[in-house]
Amino acid sequence: MGLDRLGSIAAFVKVAEQGSFAAAGRALRISPSAVSKSVLRLEDRLGVRLFQRTTRSLSLTEDGETFLARCSTILADIDQAEREMRERAAKPSGLLRIEMPTALGRLKIVPELGRLTARHPELRITATFADTLTDPIAARLDAVVRIGFPRDERMMVRRVGTVRYIVCAAPAYIAAHGVPQSLEDLDQHNCIQRLPQEGDCVASWWFRSAENGEAFQRPVTGTMTFSNNDAVVEAGLAGAGLVQLHTYMAEPHLKSGTLVQVLDAYAVDGPPVSVLFPSARQLSPKVRAFIEFVSEILAR
């Protein structure tokens with residue numbers, strides 16, 4: 001889009017808002033005749049009449065009404081882009097109120113938060129943890145981290161990563177029961193099950209199809225079921241059976257050797273990790289810094 005075209009659109013919208021070429025000229029700080037010529041050039045280019053003109057009144061035509069709706073949105077988007085760039089230049093500061101899933105926050109984000117505050121010394125952080133849905137607006141939170149597919153029209157969503165499902169066991173369990181080589185082998189193993197907090201049915205395990213690479217669920221059976229992720233991990237560490245974990249839960253134990261991964265070929269990406277913030281607010285520098293920081297952590 002050429003500069004003259006954008007200027008013509010801006011002039012047209014301002015005339016529609018002000019109701020006259022003279023008022024639009026004053027708002028744009030140009031002469032009424034310059035405004036009129038700009039609108040005429042726009043009408044010639046479009047091949048339609050945008051205003052109905054008389055000696056005493058000026059009103060939009062039907063085409064003008066339609067064009068105004070589109071142009072107002074375009075100019076609003078341009079204004080928003082400029083505001084975002086100005087905010088980007090500002091330093092993150094003040095109190096950032098965030099909420100995170102308990103395990104993800106404790107294991108992946110909290111250990112790194114010191115780097116974020118060191119990077120932005122004027123930033124302070126208050127964090128809460130919840131594995132059930134909180135109303136971010138009622139709780140006056142600046143941002144929340146969610147795993148899954150959040151549906152809240154009041155919130156903007158920025159995806160920052162993806163969880164991955166892997167199957168693990170303690171070396172003692174492997175020594176006693178062997179390594180499963182296929183999904184069918186799971187029927188011969190004790191699989192520690194998880195009971196979702198918002199459901200009464202045990203969760204099936206997720207895997208990647210060897211044929212087409214697509215994700216699918218498979219039910220497993222075992223002697224223990226827990227509603228708490230930490231309890232599932234502890235049972236796995238104790239050698240009670242196989243466990244399916246998100247990678248961030250398993251990482252420290254895989255590094256220490258207290259858990260080993262099995263069925264590697266069937267590991268599959270799970271739901272996305274997103275940062276949500278109220279849509280009524282602009283993306284402030286402190287929220288932007290937090291989003292970029294969590295993206296950086298999860299990318300590693």
Side-chain angles (χ1 to χ4, degrees), residues 77 80-81 83-84 87-88 92 94-113 116 123 125-166 194-208 214-217 226-230 232-233 244-251 267-300:
D77 287 343
Q80 175 69 16
R83 284 194 297 270
E84 289 179 357
E87 290 169 358
R88 194 180 187 91
L95 178 62
L96 175 66
R97 297 180 178 88
I98 58 176
E99 183 176 277
M100 300 173 280
T102 304
L104 178 64
R106 179 173 60 84
L107 295 171
K108 293 294 289 185
I109 300 176
V110 169
E112 304 281 355
L113 282 180
L116 179 60
L123 182 66
I125 298 173
T126 294
T128 56
F129 302 86
D131 294 316
T132 55
L133 296 181
T134 299
D135 184 338
I137 295 177
R140 300 180 63 187
L141 296 168
D142 296 301
V144 296
V145 180
R146 290 277 189 265
I147 299 174
F149 301 90
R151 296 180 180 179
D152 190 333
E153 294 181 353
R154 304 170 303 165
M155 307 295 290
M156 300 293 289
V157 180
R158 296 293 176 90
R159 183 167 178 168
V160 292
T162 303
V163 300
R164 188 167 177 81
Y165 293 112
I166 60 174
R194 186 177 61 84
L195 183 67
Q197 294 187 353
E198 297 182 355
D200 54 5
C201 297
V202 294
S204 296
W205 286 9
W206 281 95
F207 298 101
R208 184 181 66 87
E214 293 184 359
F216 69 96
Q217 287 181 291
F226 300 102
S227 64
N228 179 275
N229 287 325
D230 288 339
V232 173
V233 174
Q244 185 170 69
L245 304 174
H246 292 158
T247 46
Y248 62 83
M249 297 179 190
E251 276 176 0
V268 65
D269 285 343
V273 181
S274 303
V275 176
L276 285 67
F277 59 95
S279 60
R281 304 178 191 173
Q282 301 297 328
L283 183 55
S284 66
K286 61 184 180 182
V287 173
R288 185 189 304 279
F290 179 68
I291 290 172
E292 293 175 349
F293 189 68
V294 176
S295 298
E296 174 187 321
I297 293 172
L298 298 184
R300 295 205 307 268

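I137 CD1 to F277 CZ: the interatomic distance, rounded to the nearest 0.5 Å, is 12.0 Å. We find the OG1-CG distance between T247 and L107 to be 10.5 Å, quoted to the nearest 0.5 Å. With rounding to the nearest 0.5 Å, the separation of CZ in F293 from CD1 in I109 is 9.0 Å. Atom CG in L245 sits 11.0 Å away from atom OH in Y165 (nearest 0.5 Å). A distance of 11.0 Å separates CG in L141 from CG in L276, rounded to the nearest 0.5 Å. Remark: N228 CG to R194 CZ distance equals 10.5 Å, nearest 0.5 Å.
Put simply, the side chain of V273 reaches to within 4.5 Å of the side chain of V145, judged on heavy atoms. No side-chain heavy atom of M249 sits under 4.5 Å from any side-chain heavy atom of V163. P136 is listed as a side-chain neighbour of M155, based on a closest heavy-atom distance under 4.5 Å. Between F290 and D142, every side-chain heavy-atom pair lies at or beyond the 4.5 Å cut-off. Looking at E251 and K108, their side chains come closer than 4.5 Å, going by heavy atoms from C-beta outward. Within the 4.5 Å cutoff, side-chain heavy atoms of L104 are placed close to those of L298. Using a 4.5 Å heavy-atom cutoff, the side chains of R158 and S274 are not in contact. V157 has its side chain out of reach of R146: every pair of non-hydrogen atoms, C-beta onward, lies at least 4.5 Å apart.
Relative orientation of the F207 and F216 rings is tilted, given thresholds of 30° and 60° on the angle between their planes.
Closest heavy-atom contact between G148 and P271: CA-CB, 3.7 Å. What you find for A203 and P196 is that their closest heavy atoms are N-CD, 4.0 Å. For the pair A289 and P92, the tightest heavy-atom approach, listed with the atom from each and the gap, is CB-CG, 3.7 Å. Counting all heavy atoms, side chain and backbone alike, L95 lies closest to K286 at O-NZ, 2.5 Å. Minimum interatomic distance between A267 and I166 (heavy atoms only, all atoms of both residues): CB-CG2, 3.9 Å. The minimum heavy-atom distance linking T162 with G270 is given by the pair CG2-O, 3.4 Å.
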Margin query: Assess the residue pair V287 and M156 against the criterion (side chain to side chain contact (heavy atoms under 4.5 Å, CB included)); give the C-alpha distance rounded to whole Å, side-chain angles, the decisive distance to 0.1 Å, and a yes or no.
Written below: CA-CA 12 Å; V287 173; M156 300 293 289; over 6 Å; no
